[in-house]
Amino acid sequence: MRLLLGGGRGGRMLCLWLMLLGFALLTLALLEIFNRDRDESREKPGPPRRRRPPHQTPSSPDLLEVIVDSQDPAIEFAADIAPLKSLQEDQLLYVPSKQEALKKGGYRVLLLGAKRDARATAPPTHGGMEEALRLQMEVLEKDLELSAAAHKDGFNEVVSERIPMHRRLPEARHPECFKQQYESLPSASVIICFHNEAWSTLLRTAHSVLDTAPEQYLQEVLLVDDLSEHGHLKRVLSEYVSQLDGVRLIRSTKRLGVAGCRAVGAARAAGEVLVFMDSHCECQRGWLEPLLQRVAQDRTRAVSPILDVIDGQTFQYNATQWPVRGVFDWRLDFRWDSDPSHQDKDPSSAVQAVRSPALGGEVLAINRHFFQRVGAYDQGMLLWGEEQIELSIRVWSCGGSMEVVPCSRVAHLVRRHHQPYSFPDQEVRQRNKIRIADTWMNEYRKIFYRRDTLAYFIRQSENPDIADRLRLKRSLACKDFHWYLKTVYPQLYIPEDRPALSGELYNVGASSCANYPHRQELQGGAMNTAPCSGTGSQHCELNSEFEVRWGPTGASCFDTRGERVVLSPCPTNRSTTSRLQWRFMKMSGQLIHQRSQLCLEAVMEEELPQVSPRGIGGNAGGLFLRPCSHHPRQRWHFDQLVAPRDA
Ligand code: UDP
Ligand code: MN
């Protein structure tokens with residue numbers, strides 16, 4: 001020993017050599033491990049595959065994906081993710097299933113920027129499943145305890161938990177739908193984004209897709225967790241998902257919002273068609289094929305099923321009346337417009353897709369390439385709201401189309417009040433609407449700003465950064481909003497908003513404004529007066545047809561029922577009647593009803609005879625027709641909140 005290692009210069013050299021050799025070997029080994037991890041994480045989504053591949057290799061990286069890295073500066077904001085470019089591969093990490101002999105369960109998490117020695121969980125056992133379920137129950141119970149009521153998410157979570165995970169919805173499709181044939185359709189990736197979704201609704205959504213979508217067309221289900229905070233959406237969900245074939249979970253470490261989250265899903269999807277779906281849906285049998293067929297026939301078509309309704313209290317399924325179209329108003333609020341009176345008696349029309357000016361985001365199918373080419377989702381859209389309107393205007397204006405496909409039905413949970421999340425920025429929706437107005441509406445944006453004065457005032461002090469979107473609009477040679485209104489959405493009345501004849505209708509005697517105390521879409525109700533809101537919600541106009549048009553669509557007109565002034569649907573064919581015509585006397589401020597020649601008066605409740613208890617006999621104060629006088633309560637003026645030249 002002493003001869004080999006011991007004293008002397010030669011021995012020390014040998015010792016040094018051995019140490020160097022050892023160090024080199026160690027470095028090589030570490031590099032090897034590092035590269036292996038990286039190769040796994042860099043693997044791109046493979047070619048289209050069947051949902052249940054018969055020979056899945058144990059290392060196949062497609063069961064569970066996680067983005068885990070809170071320190072990565074590359075993922076700063078959702079807005080940083082360019083819409084047309086796929087995500088940097090190192091922002092995402094696969095978590096391959098450690099399947100052994102195709103047993104289910106088991107996954108490992110690769111932490112980027114943290115230790116690379118990702119540890120696989122023990123191979124799945126029956127006990128493992130029980131443990132996962134026990135954990136799930138514990139977390140659920142804790143969540144329920146924590147919630148002050150079972151309604152914390154705007155729906156009855158207790159009822160939802162009693163509904164089976166795999167429930168079959170009552171048939172609602174038209175009999176003609178069963179005669180339809182579907183062949184060689186493209187594959188679909190169903191992308192389900194969620195933020196703080198309840199366990200039962202989220203998993204029922206995923207199972208419902210798996211239960212109803214034909215295997216050969218379902219590429220994958222991508223669950224994208226938009227930085228949820230609820231405990232049940234963490235480890236327990238990862239465990240659960242790792243046991244579902246064809247379902248992958250992607251987690252974001254930044255709150256992305258609907259548009260950002262869907263863009264992440266889209267960037268990772270391998271299916272030919274993307275189907276974006278809310279995290280609280282249940283699919284009717286046969287929902288996917290009609291959608292895929294319409295998109296296969298024309299790649300520039302974005303399509304939606306009929307959205308049936310799951311009641312937030314009872315979880316009862318309610319079928320929606322056909323025909324239904326997606327529309328929006330001048331406040332840029334979206335709604336589904338169902339008009340059964342337009343129902344065609346011809347049975348073949350029951351299966352025909354209906355062109356729709358816009359589509360809601362609940363469920364939307366779109367060709368993956370077309371989606372990316374047309375600019376994906378606007379990544380400047382904050383958290384939630386109106387991203388579906390932006391996409392709709394863009395798809396139509398830039399060469400695509402939209403339609404509702406009646407043989408496809410998906411039920412969507414309608415919550416009582418709103419989201420199970422709050423917004424750090426209360427003006428999120430206004431900011432999103434500003435982006436739409438400034439990017440897409442040209443001079444028509446003034447009509448919007450007059451009806452949403454909060455947006456107007458925000459816009460006065462902030463410039464939205466829409467340069468990229470304007471560039472996109474130019475490069476795609478998109479048509480302008482005038483074209484959109486004339487060609488795609490001619491049903492939307494275009495207000496004239498003439499100076500001094502539009503704005504809040506202010507009553508001098510009552511020092512308050514004309515007001516509609518019912519839901520805007522509920523026509524036939526009586527008008528009254530209320531404190532002026534200043535928000536644009538009481539905006540109306542006297543147009544050149546002498547109609548007083550009310551509401552954000554401008555489709556409601558001042559009408560009379562006896563001596564009361566009520567709202568009625570305005571004529572759509574421009575042949576208005578004298579019953580709906582008014583003349584405004586600028587000098588006296590009188591608004592004179594043409595047919596009766598009586599004047600509009602704000603009548604106080606106490607002035608009316610008390611024939612029955614308040615409210616029931618309809619004798620509450622309001623707007624009435626009265627013989628003309630110079631009483632201040634017959635004196636009106638239109639208060640413009642936004643000067644015409646400013647908007
Ligand atoms: N969502 C999200 N991130 C958000 C807000 C919403 O991923 O910041 C998800 C949400 O969980 C749901 C979908 O986006 O699956 C649409 O939101 P929501 O259902 O609340 O909208 P609504 O249907 O009420 O219009
Ligand atoms: Mn929803």
Side-chain angles (χ1 to χ4, degrees), residues 67 77-79 81 151-155 157 160 190-206 208-209 221-230 232-233 237 249-268 274-283 304-312 315 320 326-328 332-336 358-364 376-392 410-429 431-433:
I67 308 172
F77 286 108
I81 300 170
H151 296 78
K152 70 176 189 307
D153 291 345
F155 65 90
E157 212 174 315
S160 175
V190 178
I191 297 164
I192 302 171
C193 281
F194 62 95
H195 176 78
N196 288 353
E197 185 62 62
W199 174 270
S200 53
T201 41
L202 176 65
L203 271 305
R204 206 179 295 118
T205 307
S208 153
V209 172
V221 176
L222 292 175
L223 295 178
V224 193
D225 175 10
D226 189 12
L227 198 67
S228 296
E229 293 136 359
H230 293 176
H232 63 262
L233 298 173
L237 180 67
L249 176 63
I250 299 172
R251 295 198 194 268
S252 169
T253 51
K254 291 282 186 297
R255 176 83 180 275
L256 298 171
V258 183
C261 182
R262 288 181 166 196
V264 165
R268 303 305 295 165
L274 308 173
V275 181
F276 298 107
M277 185 180 284
D278 272 13
S279 48
H280 34 253
C281 289
E282 288 176 62
C283 309
S304 164
I306 298 183
L307 271 301
D308 294 324
V309 171
I310 303 171
D311 184 291
F315 272 72
T320 297
V327 293
F328 56 87
L332 294 179
D333 285 324
F334 176 88
R335 80 194 146 82
W336 288 109
L359 291 177
E362 299 96 327
V363 181
L364 181 99
Y377 274 104
D378 177 355
Q379 295 304 292
M381 296 296 254
L382 305 168
L383 293 183
W384 178 91
E386 280 65 63
E387 67 287 326
Q388 81 278 39
I389 297 180
E390 195 276 335
L391 180 72
S392 301
V410 176
H412 170 254
L413 175 72
V414 173
R415 291 184 273 235
R416 201 199 306 168
H417 46 264
H418 235 185
Q419 285 61 34
Y421 37 84
S422 57
F423 302 123
D425 169 2
Q426 284 310 307
E427 282 88 44
V428 159
R429 297 187 67 177
R431 294 202 160 83
N432 287 349
K433 290 175 176 186

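As a basis for the values below, the full set of heavy atoms in this structure was taken, side chains included, without hydrogen atoms, waters or symmetry mates. Atoms within a ligand are numbered from 1 in the order they appear, just like the ligands themselves.
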(request) Examine distances only and state if a side-chain atom of Arg204 and a backbone atom of Ser160 form a donor-acceptor pair shorter than 3.5 Å. (result) yes
(message) Show the atoms of ligand 1 that are less than 4.0 angstrom away from any heavy atom in Arg415.
(response) 18 (P), 19 (O), 20 (O), 24 (O)
(request) Just jot down the ligand 1 atoms closer than 4.0 angstrom to any heavy atom of Gly257, in number order. (result) 3 (N), 4 (C), 8 (O)
(request) For His412, take its heavy atoms, then give the atoms of ligand 1 lying under 4.0 Å from any of them. (result) 23 (O)
(request) Could you see which bit of Glu362 sits under 4.0 Å from ligand 1, with heavy atoms only: side chain, backbone, both or neither? (result) neither
(request) Would you mind checking if Lys254 and Asp226 are paired as a salt bridge, meaning a charged N to carboxylate O distance below 4.0 Å? (result) no
(message) I'd like to check whether His195 has a polar contact with ligand 1, where a contact means an N/O of the residue lying under 3.5 Å from an N/O of the ligand.
(response) yes
(request) Select the closest option to atom 16 (C) of ligand 1 among Leu383, Asp278, Asp225, judged by heavy-atom distance. (result) Asp278
(message) Check this for me, if you would: do Arg262 and Asp278 make a salt bridge, where the nitrogen-to-carboxylate-oxygen distance has to be below 4.0 angstrom?
(response) yes
(request) With the Mn ion (ligand 2) at the centre, find the angle made by NE2 from His412 and NE2 from His280, to 10°. (result) 90°
(message) Does the plane of the ring in Phe276 sit parallel, tilted or perpendicular to the ring in Tyr377? Use 30° and 60° as the thresholds.
(response) perpendicular
(message) Below 3.5 Å, N or O to N or O, backbone or side chain included: is there any such pair between Cys261 and ligand 1?
(response) no
(request) Could you tell me whether Asp226 approaches ligand 1 through its side chain, its backbone, both or neither, with non-hydrogen atoms closer than 4.0 Å? (result) side chain
(message) The test is side-chain contact (heavy atoms from CB on, under 4.5 Å); show your working for Thr205 and Glu282 and say whether it passes.
(response) CA-CA 5 Å; Thr205 307; Glu282 288 176 62; over 6 Å; no
(request) Compare all side-chain heavy atoms of Val414 with those of Asp311 and state whether any distance is below 4.5 angstrom. (result) no
(message) So, taking the atom named NE2 in His280 and the one named CD in Glu197, what distance separates them when rounded to the nearest 0.5 Å?
(response) 5.5 Å
(message) List ligand 1 atoms under 4.0 Å from His280, heavy atoms only on the residue side.
(response) 19 (O)
(message) Quiz question: by atom type and distance under 3.5 Å, do the side chains of Asn432 and Glu387 form a donor-acceptor pair?
(response) no
(request) Answer yes or no for Asp278: is there an N/O/S atom below the 2.8 Å cut-off from the Mn ion (ligand 2)? (result) yes
